[in-house]
Amino acid sequence: MTAATSPRFEGGQWVISRYADVCAVLSDDRFAVPEAPPGEPGIESGIESGMGWLRGAVSRFANGRRHAEGRRAAVAALTPLEPVRLREAARGRAGAALRGGAPLDAVARRVPVAVLADALCGDSGSDPDEVADLVGVIADAYFPGTGPDAPADAALERLADLLCSSPSLRSRGLGAPLRLPPGRSEAGTLATTVMLLVQACDSTAGLIRNAARRLTGRPDPAAIDELLEETLRLDPPLKAMRRVATERVTLGGAVIEAGTAVVLDVPTATRDAPASPGAAHLTFGHGLRPCPGDRIALSLAAGVLEAVADARRTAGRPGERAFAAFREMHHGPAPLVLPNAWDYASAAALARAGFAAVGTTSLGVAAVAGKPDGEGATRGETVALARRLARVPCLVSVDIEGGFGGTPSQVADLAAELAAFGVVGVNLEDGRPDGRLAPVAVMQETVAAIKERVPGMFVNARTDTFWLATTSTGDEAGAAEDRPRHGDQVAGEGPSGAEKLDEALRRCRAYAEAGADGVFLPGVAEAEHIRALVGGTGVPLNVLFLPARHTVAGLAELGVRRISCGSLLYRAALGAAVTTALAVAEGGPVAAGLPGYAEVQALLNE
C-alpha cells in the first residue's frame, strides 16, 4: 500500500497523495481540468460533432462558467429522482439479469445505466437495454485517448435519436446549449443526459465491482450502505484525477509551476483521510467540483449489490442444498409460517417482505384462471406459475391438489418437472372432486413414486379427514354437501371428532411410511387433536391457519412445525379489492399504506 507523502515530482508531473493536499487542489480554482481536445467538424456544417462535440459540451471537461452551467444542468436533471425507487428498480433489474446468467461485470455496467435512463427519459419509448448498450460504447471512448471515436460517434447519433424523442427531456430546458451538433436544438440537455448515463456506466460500475469483492453473506440494506462507504474509503473506483496548474502555486512545501500537470492519487489520499463522518469521499469530488449524483450512484450501486447478495444466497439451487434448506425449515426453533401465493407478484411481494419460502394456493391459481378448485383442471396453470416463480428469491412449494388425476408415475413426472424449475416441495392431497378420500394405498404409491423420482423433494401429504365425512375404513366417504377445501370451517355432519382423529392418524402414519416428509391436516382446530397428531405421526405436522381459532404461538406450543395460510391471503386480497372499489364509488375512505405503482413495477423485475 502506497503511503501518503508530500507532493513529489515524477515523470514531469506532480503526484499528490495526502488527503489534505488533494482537497486543497480540488478547492483551488488555480488548478484546472485538462480540456478535451477538439473533435473533427462535420463535413457539411463545419460544426463540431460526435464525441468531440460531447466532450466539449459536458461539464466534466470544462472549467469556469461553462463548468458551472453544466453542473447546474446536471443538478436540475437529478434533483427530482428518488433514490429509494432507483435502488428498488436496480435490485429488480439486476436480480433478473443475474438469474438469467449475466456475469457481474455486465450487470454492474448495464443495470445502473438502464435504470437511470428509464428515470431520466423513460417517456422516450426507448428500450433501456439498448440505451445501456449504446452508452457502453460511448463510455469506452469518453475520455480522450481511451478508445476509437468512430464507433462511439455512431452510438452517440443513435442515442440522440432515442433520447430526443423524450417529451420530458425536450421540456426540461436545462440552460442554454453549450455547443450544437447539427439539427439538435436541445443539445445542452442531451449532452447533460449522456454525461450522467456515462458516469452511471463506468464510475458506478467500478464501485459495484469493488464492493462485490468484499461482499459476504446476505447483508441487510443498512449493511450494504456501510459496505459501500467502506469500499469508497479502501478501494475507490476512481484511481486518479488530473489537473493543470494555471499559475504558480505553492502546495505542501512544493512549488508547482504554471502549466504543470498534477495527478491526484485518490486511493492513497482516501485512506489518508481523517476518520470522521465529515471527511469527503474523493471519488465523488470535493471543493469546486463535487459530484451532483453521489446519492444516485450509491442508490443504484446498493440495489445491484442487494441483488448480488440474493444471487449468492441461492447459488447452487435448485439442488440438494435447496431441498435441505427447505427441510430444515420444518425442524427449526419456530414453526415455518408458509404464506401462499397465487401469481408472480404476490410471491415476489411475500419474498420482499422477508419470507424465505412461499407456497401456492390451488384456489387462488384456479380462481385467477376462472376455473373451479379441486377438480384437477389447473395442471397447466400450476406448472406455468411454478416456471415463473423460479425468478422469485425464495424457496417455493407447490400445491398439486391430488395430482391432477394422474397415475402415481405421472404425478412423479410432474414433481420432476416442477423440481427442474427450482420447486423444493409439493403438497399432495387425498381428497377427490367427488367428495371422497383416495384409497390409502393409492396415496402411498404416489408418495413413494415422487420420492423415488425426486428424492430431495419435500412431499407434504395432506389428508382431508377433518373436512370430508369418512367411514371408519377411511377408503370411502359418505356424502358431503359442502366441501370446504381451503376454507375456515370444518364440515359439521359425519363422523365424530374422535373418529376423524383416528382416521387421520391412520392415514398420516401410512403416508409417512411411504416416504412423506410431512403431513398436512387442514380443518383441525382442537388442541387435543393437534397434540395427538403431533405425537402420533412421526413427521412434521402442518396445519391450516384458522384466524378465529389459531395463533402462531399457540400452534408452536402444541408442536406444530408448519403453518399454512392456504387461500386466506387470496381471499383477503379479493375482499380488499371489493372494499376499495365500494369506497371509491360511495365516497368512503380508501385504505392507507397501499403499494405504489412503482413499487409493484419493481416487484415485477425481482
Side-chain angles (χ1 to χ4, degrees), residues 25-39 47-81 112-113 116-117 119-121 131 134-135 138-139 141-144 146 149 152-153 155-157 159-160 163-164 166 168-204 238 241-244 246 264 280 282-297 300:
V25 170
L26 294 176
S27 302
D28 192 333
D29 61 7
R30 294 175 295 176
F31 292 97
V33 171
E35 300 239 358
I47 300 175
E48 192 176 21
S49 61
M51 292 300 294
W53 161 77
L54 179 65
R55 298 189 193 105
V58 300
S59 60
R60 181 67 180 261
F61 303 108
N63 293 290
R65 186 179 67 84
R66 284 179 51 227
H67 172 261
E69 289 175 348
R71 178 181 171 78
R72 282 196 296 270
V75 170
L78 295 174
T79 297
L81 304 187
V113 178
L116 186 58
L120 289 173
C121 45
V131 170
L134 294 169
V135 169
I138 296 167
Y142 185 62
F143 290 98
T146 56
D149 275 6
D153 288 345
L156 180 58
E157 183 66 22
L159 185 62
L163 300 187
C164 285
S166 163
S168 62
L169 188 147
R170 290 200 307 270
S171 66
R172 279 208 305 261
L174 304 179
L178 302 175
R179 294 189 186 180
L180 298 178
R184 304 291 183 196
S185 60
E186 58 279 272
T189 299
L190 173 63
T192 297
T193 303
V194 175
M195 178 191 70
L196 295 173
L197 295 176
V198 168
Q199 294 307 303
C201 179
D202 273 346
S203 298
T204 307
L238 184 65
M241 297 183 192
R242 288 173 171 78
R243 298 290 187 270
V244 176
T246 60
L264 308 179
L282 298 177
T283 291
F284 293 124
H286 186 67
L288 301 173
R289 308 174 69 92
C291 175
D294 53 353
R295 66 191 182 101
I296 302 301
L300 292 169

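Predicted model, so just to flag it, every value in this text is computed and none were measured.
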What is the distance from atom [atom1] of [X] to atom [atom2] of [Y], rounded to the nearest 0.5 Å?
X: C291; Y: R71; atom1: SG; atom2: CZ; value: 8.0 Å
X: E157; Y: M51; atom1: CD; atom2: CE; value: 13.0 Å
X: E69; Y: T192; atom1: CD; atom2: OG1; value: 10.5 Å

Any idea which heavy atoms bring [X] and [Y] closest together, and the distance?
X: A77; Y: L196; answer: CB-CD1, 4.0 Å
X: A141; Y: D149; answer: CB-OD1, 3.9 Å
X: C121; Y: T193; answer: SG-CG2, 4.4 Å
X: L288; Y: D28; answer: CD1-C, 3.7 Å
X: T283; Y: L238; answer: O-CD2, 4.0 Å
X: A62; Y: V33; answer: O-CB, 4.4 Å

Using the side-chain contact (heavy atoms from CB on, under 4.5 Å) definition, which of the options L264, T246, V25, V244 pairs with F31? V25
Taking it one step at a time, do L120 and L81 satisfy side-chain contact (heavy atoms from CB on, under 4.5 Å)? CA-CA 8 Å; L120 289 173; L81 304 187; 4.0 Å; yes
Under 30°, 30 to 60°, or over 60°: which ring-plane class applies to Y142 and F61, parallel, tilted or perpendicular? tilted
Tell me, do [X] and [Y] make a side-chain contact under 4.5 Å, heavy atoms counted?
X: P112; Y: Q199; answer: no
X: V194; Y: V135; answer: no
X: M241; Y: L26; answer: yes
X: N63; Y: R289; answer: yes
X: L54; Y: I138; answer: yes

